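A short write-up of the structure that comes next.
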Amino acid sequence: MQNSMNSEDISTELLRELIKEKRSERRWKNFRFFVIIALIAAVGFFIFSTSNAPTMTDNENKGYVALVRLNGTIGPGEEFSAEAVLPVLKDAFSDKQAKGVILDINSGGGTPVQASIIHDAILELKKKYHKKVIVVGEDMMASGAYFVAVSADKIYVNPNTITGSIGVIMKEFGFPDLIKKLGIERRVYASGVNKDRLDPFLPQNPEDIAKIRQVTNELHQNFIQIVEQGREGKLHTQDKDLFTGDFWSGQTAVKLGLVDDLGNLSDVMHKEFQVSGYKDYSRDQSFVKNLIGQLGASLDLGLRGDQFKAVEQI
């Protein structure tokens with residue numbers, strides 16, 4: 001009987017020690033995890049602080065320009081959207097030490113509303129901060145991207161930059177016969193006679209086509225007006241040639257007056273601002289965004305791992 005009790009006491013003590021050891025191990029792992037996160041955050045903060053300084057390639061006394069890179073499709077939720085770009089533009093324009101602002105654009109366009117908001121914001125910031133704004137086009141500066149570009153004082157492109165596309169396009173698919181072949185009956189209930197306009201499962205009708213043309217023509221005229229205002233006195237050809245939605249190479253765009261000259265970022269900094277350094281505001285935004293995403297993913301994975309371990313221990 002005594003031996004049995006001793007065995008139970010030993011087993012209980014061993015179990016307690018095992019639990020204590022596991023808890024200690026888990027606390028140590030959690031401690032290491034949060035130390036690693038703190039170190040990553042510290043390094044990130046250091047890099048972010050360092051990247052805030054202007055990138056100088058020559059004598060600092062010559063100053064620098066504020067650079068904002070506008071890349072990708074223009075649209076809500078994209079990096080090239082009013083929500084993402086406007087705060088960066090404000091920071092760039094409000095930099096009292098910067099001699100001007102350069103917008104480095106590489107985009108094939110996007111939604112007209114987002115392009116219009118960004119365009120108007122640039123005009124307002126120019127007026128408020130009295131800063132010269134120069135656009136440099138990269139691989140593409142077309143459609144909505146060109147809409148944004150005409151807000152600048154001057155536009156430079158590479159000889160091979162795809163430029164222009166001053167037009168509006170609307171695309172969709174139609175499947176009027178598909179559901180019939182599949183034996184599907186589609187039921188739509190609408191309170192307005194035109195509520196189901198452009199329904200892809202209904203045949204096109206003249207009224208729909210007329211409506212599309214009406215809306216796209218209005219948007220096109222707005223686009224044309226913006227270009228004419230932004231490039232006033234600089235366009236070298238007739239409206240019918242420029243505003244067909246066609247696009248050109250950079251070197252042809254110079255001849256048409258769509259842009260001012262050929263040049264890259266380095267050329268423009270020297271020619272327009274007599275500087276050789278820039279402060280890249282767009283890079284700061286991307287870095288912070290990526291860092292937060294990586295830290296969030298690491299934290300989420302670490303917490304989930306601890307939860308799984310806790311379940312196993314129980």
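Worth knowing before you read on, the calculation uses all heavy atoms, side chains too, and leaves out hydrogens, waters and symmetry mates. All figures in this text were calculated on a predicted structure; none of them were measured in a lab. Position 1 is the first residue of the sequence, and the numbers go up from there.
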Taking [X] for its side chain and [Y] for its backbone only, find out whether a donor-acceptor pair lies under 3.5 Å.
X    : Y    : result
K211 : L198 : no
K279 : D95  : no
H220 : I166 : yes
D208 : Q204 : no
S116 : P112 : no
T161 : E138 : yes
R231 : L258 : yes

Looking at side-chain heavy atoms only, is the closest gap between [X] and [Y] below 4.5 Å?
X    : Y    : result
S107 : I74  : yes
F80  : T73  : no
D139 : I162 : no
E83  : P76  : no
L103 : I122 : yes
Y156 : D267 : no
M141 : V259 : yes

Could you go through the side-chain contact (heavy atoms from CB on, under 4.5 Å) check for K96 and Y129 one step at a time?
CA-CA 9 Å; K96 295 181 180 180; Y129 292 100; over 6 Å; no

Start with the C-alpha gap between I117 and L86, add the side-chain angles, then the distance that decides, and say whether side-chain contact (heavy atoms from CB on, under 4.5 Å) holds.
CA-CA 9 Å; I117 294 172; L86 263 56; 4.2 Å; yes

For N71 and N106, test the side chains for any donor-to-acceptor distance below 3.5 angstrom and give the result as yes or no.
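On atom types as modelled, these side chains do not qualify, holding no pair under 3.5 Å.
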
Under the side chain to side chain contact (heavy atoms under 4.5 Å, CB included) test against K132, which residue among I102, D153, V65, V101 passes?
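Among I102, D153, V65, V101, the one meeting side chain to side chain contact (heavy atoms under 4.5 Å, CB included) with K132 is D153.
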
Give the intermediate values and the outcome of side-chain contact (heavy atoms from CB on, under 4.5 Å) for residues M269 and S276.
CA-CA 6 Å; M269 287 193 300; S276 55; 5.5 Å; no

Looking only at heavy atoms, which two atoms of S143 and G108 are closest? And how far apart?
CB-O, 3.6 Å

N264 and N158: CA distance, side-chain angles, deciding distance, side-chain contact (heavy atoms from CB on, under 4.5 Å) verdict:
CA-CA 6 Å; N264 55 36; N158 183 275; 6.0 Å; no

Salt bridge (charged side-chain N to carboxylate O under 4.0 Å, His left out) with D260: which of K271, K234, K255?
K234

